[in-house]
Structure formats: C-alpha cells, structure tokens
Number of protein chains: 2
Amino acid sequence: MNLLTDKFSKLGCDNAPGQEGRQHVSEIQFRGEKIPGVPVDFSHGDVNTNAFEPTPGALEEFIAGVKRGGEVAYTEYRGSSSTREDLAGKLAKFTGAIVSADNGLIITPGSQGALFLAMGATIGRGDKVAIVQPDYFANRKLVEFFDGELIPVRMDYLGSTKDTGLDLTQLEDAFKAGARLFLFSNPNNPAGVIYSATEIRAIADLAQKYGATVIVDQLYSRLLYDGRTYTHLRAMDINPDNVITIMGPSKTESLSGYRLGVAFGSSTIIDRMEKLQAIVSLRAPGYSQAVLKTWFSEPTGWMDERITLHQAIRDDLLMKFRPVEGVKVRTTEAGSYIFPRIPELAVTTQEFIKILRLQAGVTVTPGTEFAPYLTDSFRLNFSQNHEAAIHAIERIVELIERYRK
Amino acid sequence: MNLLTDKFSKLGCDNAPGQEGRQHVSEIQFRGEKIPGVPVDFSHGDVNTNAFEPTPGALEEFIAGVKRGGEVAYTEYRGSSSTREDLAGKLAKFTGAIVSADNGLIITPGSQGALFLAMGATIGRGDKVAIVQPDYFANRKLVEFFDGELIPVRMDYLGSTKDTGLDLTQLEDAFKAGARLFLFSNPNNPAGVIYSATEIRAIADLAQKYGATVIVDQLYSRLLYDGRTYTHLRAMDINPDNVITIMGPSKTESLSGYRLGVAFGSSTIIDRMEKLQAIVSLRAPGYSQAVLKTWFSEPTGWMDERITLHQAIRDDLLMKFRPVEGVKVRTTEAGSYIFPRIPELAVTTQEFIKILRLQAGVTVTPGTEFAPYLTDSFRLNFSQNHEAAIHAIERIVELIERYRK
C-alpha cells in the first residue's frame, strides 16, 4: 500500500474550491474585528436567482426527460445517440471542424469527467506529459494519479498583453524530452487569458511535428469579452485523431448542478474514454443529458446579455483592485476568473485566505492550486451577484491594508 | 503507449448491458422468421410508467433542489452535508452499525462511481485482489484498470441452495497468497443469491485474520423475496476501518436516471475516495443529491408492494424456464436478476444472444461478462412490464428449441 499512500498524499483537496469547510483552522493572530457584509463564495459561480440562473428551459427539458423514462435514463455509455446527433452539428459549427456524432463525441458527468477520461485514455505509466503553469488545478493531479511524469510549461500572463505569454520554447523542449501529450485550458483557468491565433498555430505545428496528442479544455470559450476572437485548435492544420476538445454547459450557462460535459475529436481516444466511463460512472446522468438540448440553442440575445453582465462585474472588480499598492492583475479576456497577485503581507497567503473567510465572509482559491510557485495570488470566480461581489472586494482590499507588512 | 493499448484492449464494453447497439453483426445463419412481440430489454430494469417508476416524490425533490440553487448545485466533493446527516442515520439503522455523516460517508455518481472510487482508493499497482466468479462485470475490469492482480474465488450457485456456494477455502487461499482486498456483491449479481449468515461471518473472520479490506456492493439488499433475512457484513465483528459498503437508489427504487450512489464505512478509505472524486467528476450531480431525501423514506407500503410485484414476475418467468429441457436456473432470492444456464445449441451463446435481439426483440447480457467460463448462461433483469416480460421469455424458449443442437 506504500505506492498508494504516496499517491493519495499528493491528491489533497482541502484547498480545492468548495472544500474550505473541511479545513482545520490553525492559530491565526487576527487583526481587528470582522467586517460585516453578504458572504461571497468566489470559489465557484453563483447559480442563484440573485446572480446567474441556469439557461431558460433547462429544468423543463429535464422534466420532459424524466417523463420519457427508460430511453433517457439508460443511454449508451457515451451518451444518448439523439443528443449526440444534435450536439455534433452545433459543436462543429462553433469550433469550425467536423464532429462525428457516432464516433467522435462522448457525453460525460461534468467536464471534469471528460478531463479524467481523456487523461486516463492517453497517459500510460511513466509517460511524460506537458502541462501549463498556471492551469486548472486538477491537471497536475491527473498526471500524478495516472503515474505520468509532469513537464511544466510556464505562462507569463502578467508579462504579456498581446497573448497568454506561454513559453513556446519550453513546450518544444517538453516534446523534445519525450512528452507526447499536452494539456491546456483555453481561455486559461485561472488567468482568464485567451491564446492568440499565433500561439494556437504554434501549438498545432509543434504537436504535428512531434506527433503529440493535445487535450484542450475550452470550458469558457463562449464567454468572450470586448468582442475578442477565439481560435479553435481543432480547426488548425493538425491530425484530427490527435486532438480532444473538452467543453460543457456548466459554467457560462450556469448548469453545473446537472453535471454535464462533452469531449469530442479523436475517435481512437473517444473509444477508450467510453471503455473507461463504463467502469467509472457508466454514463452522464440520464435525465440531465436531456438538458443538453438547450445548449447552443439559448433564446436570442440571452448569451449576449450574459456576457455584458459579466463584463460589467469584471470592470467594477478590477477598478477596486487596481489602485491597491502592490496588487497586480491582468484584465480577464474570457471566462469568469480574475487572478490578482497581492503584495507581501504579515501573514502567508494561505493564512490570509483563511482570514478572508473568517473575518470578511469571502472565499477565494489559493494560487498554489494552479502553480506551486504562485504563493502570492488567488483566484476569484466573479459570476456572482454584482453588488455583493463589489462589497466583497472592498472587504478584501480593507484586509490587505490591515495585514500589509 | 503499449501498456495503455494492452490495458484498454481488456476493457471492452461492447457486450456490456446497454451497449448492444454498438455491436457489429456478423454473419449468422438464421433459422425461421422473426417472432413478433413487444421488445424487452432485459439488460437493465425498465423505469417507464408501464413498468417500475421512480420513487414517488423524487422529481419534486429534484425540482426543489434546483430552486434552492447554489447550495445544492455545489456541494462538498463527498456530497451535501445535510443530505449526509440525513442518510447516515437511515443507513446505520438499515445495516445495524453506526455511520459517520462527517467522515464515513460519500455520495457518488451512481453506485458504479462508488465502486470505481473504492477500488481506486485501495488497489496499488501489483496488489492481489480477490473477487468472486461470477460477479458484477465491472469488478474484474476495475482490478485490471488499477493494475491489480486478480485472484478469482468460485461460487457454485447452481450446486447449493442453503447458501451462495462461495468457496471459502479458495477465499482463504487468496488471502494466504497475499490478497489484502476482497470485493463481492451481496446479493450476488448476476446469480441473485444472498450470502447466508454463516458465509458472511466466515468472510468477516477471514478478513479479520488476514487484516484484509472488504468492499461489499449491497445495491440490491432492500429487494428481498420470500421474507428472507439478510446479514450485513459491516455489523459483524470486523475492524470497521477495513469495510466499505456500497449502496444506491438506482435499482430497487428505479432512480437510475439521477445517477446516485453512496459508499460508507472506513473513514480512511472514504477520505481517499473523496480525493479521487475531486479529479474524477468533482461530485455527484448536485440537484440529483436532493432526491436522496426520498430514499428510505418511501410512502408506507410502497416498498412492500414493489417487492410483491417483482416476486410475482420472478415466479412467472421461472415457471416458463423450468420445463425447458437442459435449462437450469436457481430461484432468485433478492434483486431482479435471473441467470439461467441454457442447453447446448447449434450456435454459440454469443451468437444466440444476437439472435434473440434480432429475431425476438429481446436483449440479455452474456454470462461471460460475469465469469469467463460461463459461456452457457445469460442474465435477465426482470424489473420489467410483467406481461411483456412473460411473452419475451416465451420467445426465448421458442428460439432455444429452434436452435437446439
């Protein structure tokens, strides 16, 4: 069991978003009193009526699915064939490259499910895997769980404005060192930046040159600000059997509670993912799959309004952070995260994050979840009630001043 | 990638229940015409209005969950704490041993999810794992996926009537050979037999003697026929940190479409399972978790009626099979499976199963999914429309005669 003990010791999730309630609070020297205000949990988006509700019609589709009964409850492991037919066309149109409903698409329990299956289908023991730092916190853990060897590729998101700042030389070095799998999220989670067309083309070229597989997590690719353009890797000149794209309606569409995700692209990898899903969870929740009918079929103007509302919150929160001495934060280009770097404090960032929760009712996610060296940053999901989010940032700023070194 | 190719070649799921549509039909020499009749898919239970519907109130709890919003959509990875509080008491009462809501219980996407996490949390590369043959088809695949070494323990379910016929000497031999994990389903899936009190006590004693962990899948432990008693392993004299019990409302309660399962017992293993769930699927579908309120809180008489209805179907189907020369089938004691052995035919059982689907509109699951040597058996889930199930068995019997050697 020693191998296992070691493996699970690396899989800690007490600092992961939503797990804060399970943390043991150590001795902290508090300064001053609690600051009153509506608690805000920035570790994930708020799907309540006072913030961002699920897509109109989602619950109705679910109920209709329950009424249809068995054909919906029990689908093929890769998901309902009629839903896949419907989705394939929509996803092809959105990404600019064809999607096979029969062989190139799988519906999963959340996009986390898609990520797990895609990684499980492509990482063999000892395989070298390139991942970006910072990037979604599960990426590193997945490589470790499947006994892969992690090769980090840096992204200097604060040092760049015209692209993400991905170090393409490091990426090529990873491929040269033997990595045959590259995983990244676009827009980047947590930094909220979009890979430029040049970067995506360079990634495609390198993958093609080294025969590498690329898994790209495009969970937030519909929530783009300031009219920005987005380049889909799968539409580039790259072997389509070497690309898996992951999406899902959980974030922009606030459908997290239904646990839905999709992966599409390489039929070879999708086949393996289905075999794995058969032992992991059988299938995405049957009745929930019916909700996918609403995806990419939202009422006219609904998505535009949602983007406008998020952009307005982004602007207000950034305006609160920007004047604070020592805070550095890049403008979010897509998605609903901001990822500020904070000045040196009299307490560690880990302690400060607990202080935020206990003295200000504000929950954020430590930067170290996304890259081990980001001890001076935290992530906020600003898909929240606008007013409450602004006041929560004011409390964060007040506590930064109170604990400043 | 060779290790991986090998691993996934063992993970085939084309013959798994529900996957029949993906099979390639090879050349079969059909005898005679198709037999008309209402198609019946015995690979899983039928949750439609004309068969067995979900627990009353389930959809209402789901809808109430959606209305409550974020607190339901985003729970701790191990599941909503209030739902765990509620369940812990009910499960302790049902199984006769205490359950810790805080540390000893996790809610998963289906009981398949619980099984995957429990096995992932306890099997290290190269570990020897004892499993029963026949048993649930995923058990073998899980051991192989996690690079464990499988030690089969035979169950002679047709040779016994007073117990399951598990070979306890083989089980002890497996422990002597170094197995420190034993996985079994009770009632057995596919044989539908309940482990006797003597057998459960013997398993507990052996596990205790060798310090082995036991994972017991009790998915069907509420659906007992003929007033039979059921012995819960976790209530025996055994180190509670070495036992994980898996259940779920998907079968007896026809709630499969919501994808819910639970695992409870060892806090050490539950802790690991939560860490794993954090990268596998984050959590069981949030809104679905709300449906667990109805579990073990069904309307008075509802469960008794459900058992009576299933028992009546069982009796009628067995009556159809029993007179057929060469068919051997044991009376189901719990759950909704019957698992007949059929006589030698002019075609292989694999071919016969395809013939059943194509000539009679009847879907069953081959015995080889449950034990490699059971080439002469198939499994039927009789949680179906009573009338349609009877006629489907008549068609099976007619085809057995038509293809008899």
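Values in this document were obtained by computation on a predicted structure and should not be read as measured data. Keep in mind that the numbers below use all heavy atoms, side chains included, and drop hydrogens, waters and symmetry copies.
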Ignoring hydrogens and angles, write down the donor-acceptor pairs under 3.5 Å from the side chains of residues 280-291 of chain B, residues two or more places apart or on other chains.
unit_1, atom_1, unit_2, atom_2, d
B/Arg283, NE, B/Thr75, O, 2.8
B/Arg283, NH2, B/Thr75, O, 3.2
B/Ser288, OG, B/Tyr258, O, 3.0
B/Gln289, OE1, B/Ser80, N, 2.8
B/Gln289, NE2, B/Thr75, OG1, 3.2
B/Gln289, NE2, B/Ala284, O, 3.0

Can you list everything that forms a side chain to side chain donor-acceptor pair (under 3.5 Å) with A/Ser254? Sequence neighbours excluded, please.
A/Arg306
Checked A/Gln112, A/Lys7, A/Glu76 vs chain B; the most non-hydrogen pairs under 4.5 Å come from A/Gln112
Comparing B/Val72, B/Asp46, B/Ile63 against chain A, the one with the most heavy-atom pairs below 4.5 Å turns out to be B/Ile63
Could you give all pairs that pass the side chain to side chain donor-acceptor pair (under 3.5 Å) test and reach residues 53-66 of chain B, with sequence neighbours left out?
none
Tell me whether the rings of A/Phe116 and B/Phe116 are parallel (<30°), tilted (30 to 60°) or perpendicular (>60°).
perpendicular
Check whether A/Arg180 gets within reach of chain B through its side chain, its backbone, both or neither, counting any heavy atom under 4.5 Å.
neither
Smallest separation among heavy atoms of A/Gly45 and B/Tyr74, with atom names
O-CE1, 3.4 Å
Contact origin within B/Leu59 toward chain A - heavy atom pairs under 4.5 Å
side chain
Contact leader toward chain B among A/Leu115, A/Ile279, A/Thr49, where contacts are heavy-atom pairs under 4.5 Å:
A/Ile279
Quick check: does any side chain N or O of B/Lys275 sit under 3.5 Å from a backbone N or O of A/Phe8, one acting as donor and the other as acceptor?
yes
Any non-hydrogen side-chain atom of A/Leu4 less than 4.5 Å from a side-chain atom of B/Arg272?
yes
Identify which of A/Thr108, A/Val47, A/Asn139, A/Asp41 forms the greatest number of heavy-atom pairs closer than 4.5 Å to chain B.
A/Val47
When A/Leu255, A/Asp102, A/Asp271 are compared by non-hydrogen pairs under 4.5 Å with chain B, the top option:
A/Asp102
Report, in residue-number order, which members of residues 140-149 of chain B are under 4.5 Å from chain A by heavy-atom distance.
B/Lys141, B/Leu142, B/Phe145, B/Phe146, B/Asp147
